Number of protein chains: 2
Amino acid sequence: MLEWLKEPEINFPDQLQHAGFEHGVCVGQIQAKAGLTQSTVSEYLSILQRAGFIESKRVGQWTYYKRNEGAFEALSKLIQSNL
Amino acid sequence: MLEWLKEPEINFPDQLQHAGFEHGVCVGQIQAKAGLTQSTVSEYLSILQRAGFIESKRVGQWTYYKRNEGAFEALSKLIQSNL
DNA sequence: CAAATATATCGACTTTTCCCGATATACCAA
DNA sequence: TTGGTATATCGGGAAAAGTCGATATATTTG
């Protein structure tokens, strides 16, 4: 999922029908591509959010998730320095 | 354990009594510090080895493990580029 | 070879993680 | 307000990971 969110336009072309990608990709789109249930995907996304890897933005009935690039940079650096 | 192996001299001073650190630290030393059973530590180390994070060198009845720094560098870069 | 020491492997049990269906909540439209 | 759609939360069963004791293997020493 994290890789998918690097290129929303390529990995979630269907979303264009009702929104752009400014705020990221909505749960339903990710769920469809993941092939897991809605509840599983929702929980997974909230875990990634609590971990700081993605950010969420509620717009109407949709929740959009997008990557927090800083977290990946930080993780990479953490592995370099601490591990 | 991976962090411990960054500074063997500091984290495993007892090993000096029978060997240096050229090949790393032996299982018994790591086990004592970890506070887990011998079998658990042995299995854990072999997993880390299969994953490429440490290397082992058998010397007599001892098996020494040391870090493979390249693997950490590679992981850091992987996160930067692929994730 | 026999005993002692260090490590590895095996089987079982416990804990954690994964994933689901059911249900709750939030928002929108008529 | 009622019904429809999107997402979140909850409780439980299945799968995986963690840990142990017992035992096997390898090596050294007498």
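Everything numeric here is computed off the predicted structure, so don't read it as measured data. Lettering follows sequence order; numbering is per chain, from 1. Excluded from the calculations below are hydrogen atoms, water molecules and symmetry mates; all remaining heavy atoms, backbone and side chain alike, are included.
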Out of [options], which nucleotide sits closest to the side chain of [X]?
X: T63(B); options: dT19(D), dC27(C), dT7(C); value: dT7(C)
X: V27(B); options: dT7(C), dA8(D), dC28(C); value: dT7(C)
X: W62(B); options: dA8(D), dT7(C), dA6(D); value: dT7(C)
X: T37(B); options: dT7(D), dG21(C), dC20(D); value: dC20(D)
X: S42(A); options: dT9(D), dT5(C), dA8(C); value: dT9(D)

Interatomic distance where [atom1] belongs to [X] and [atom2] belongs to [N] [whole Å]:
X: Q15(B); N: dT7(C); atom1: CD; atom2: C1'; answer: 14 Å
X: Q61(A); N: dA8(D); atom1: CD; atom2: C1'; answer: 14 Å
X: L36(A); N: dC18(C); atom1: CG; atom2: P; answer: 12 Å
X: Q49(A); N: dA8(D); atom1: CD; atom2: C1'; answer: 12 Å
X: Q31(B); N: dT9(C); atom1: CD; atom2: P; answer: 16 Å
X: R58(A); N: dT25(C); atom1: CZ; atom2: C1'; answer: 8 Å
X: I47(B); N: dA8(C); atom1: CD1; atom2: C1'; answer: 13 Å
X: L45(B); N: dT9(C); atom1: CG; atom2: P; answer: 12 Å

So, OP1 or OP2 of [N]: does either fall under 4.0 Å of a side-chain N or O from [X]?
X: T40(A); N: dC19(C); result: no
X: Y44(A); N: dT7(D); result: no
X: S39(A); N: dC19(C); result: no

Could you tell me whether the side chain of E43(A) has a donor or acceptor atom within less than 3.5 Å of a complementary atom in the base of dA8(D)?
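No such pair is found, so the answer is no.
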
Classify the side chain of Q38(A) versus the base of dA8(D) as yes if they form a donor-acceptor pair under 3.5 Å and no if they do not.
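Result: at least one qualifying N/O pair found.
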
K6(B), NZ atom: more than 12 neighbouring heavy atoms under 6.0 Å
yes

Decide whether S39(B) and S42(B) meet the rule of one side-chain donor and one side-chain acceptor closer than 3.5 Å.
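Short answer, no.
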
Are S76(A) and S76(B) linked by a side-chain donor-acceptor pair shorter than 3.5 Å?
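S76(B) and S76(A) do have a side-chain donor-acceptor pair below 3.5 Å.
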
Toward the 5' end of DNA chain C, by each residue's nearest nucleotide, G60(A) or G35(A)
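Taking each residue's closest nucleotide, the earlier one in sequence belongs to G35(A).
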
For Y64(B), answer base if it contacts any base atom (sugar-phosphate contacts may also be present), sugar-phosphate if it contacts only those atoms, and nothing otherwise; contact means non-hydrogen atoms under 4.0 Å.
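Here Y64(B) touches no strand at all.
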
Residues in salt bridge (charged side-chain N to carboxylate O under 4.0 Å, His left out) contact with E55(A), at least two apart in sequence or another chain:
none

Does some side-chain heavy atom of L75(B) sit less than 4.5 Å from a side-chain heavy atom of F53(B)?
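Result yes, sub-4.5 Å side-chain heavy-atom pair found.
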
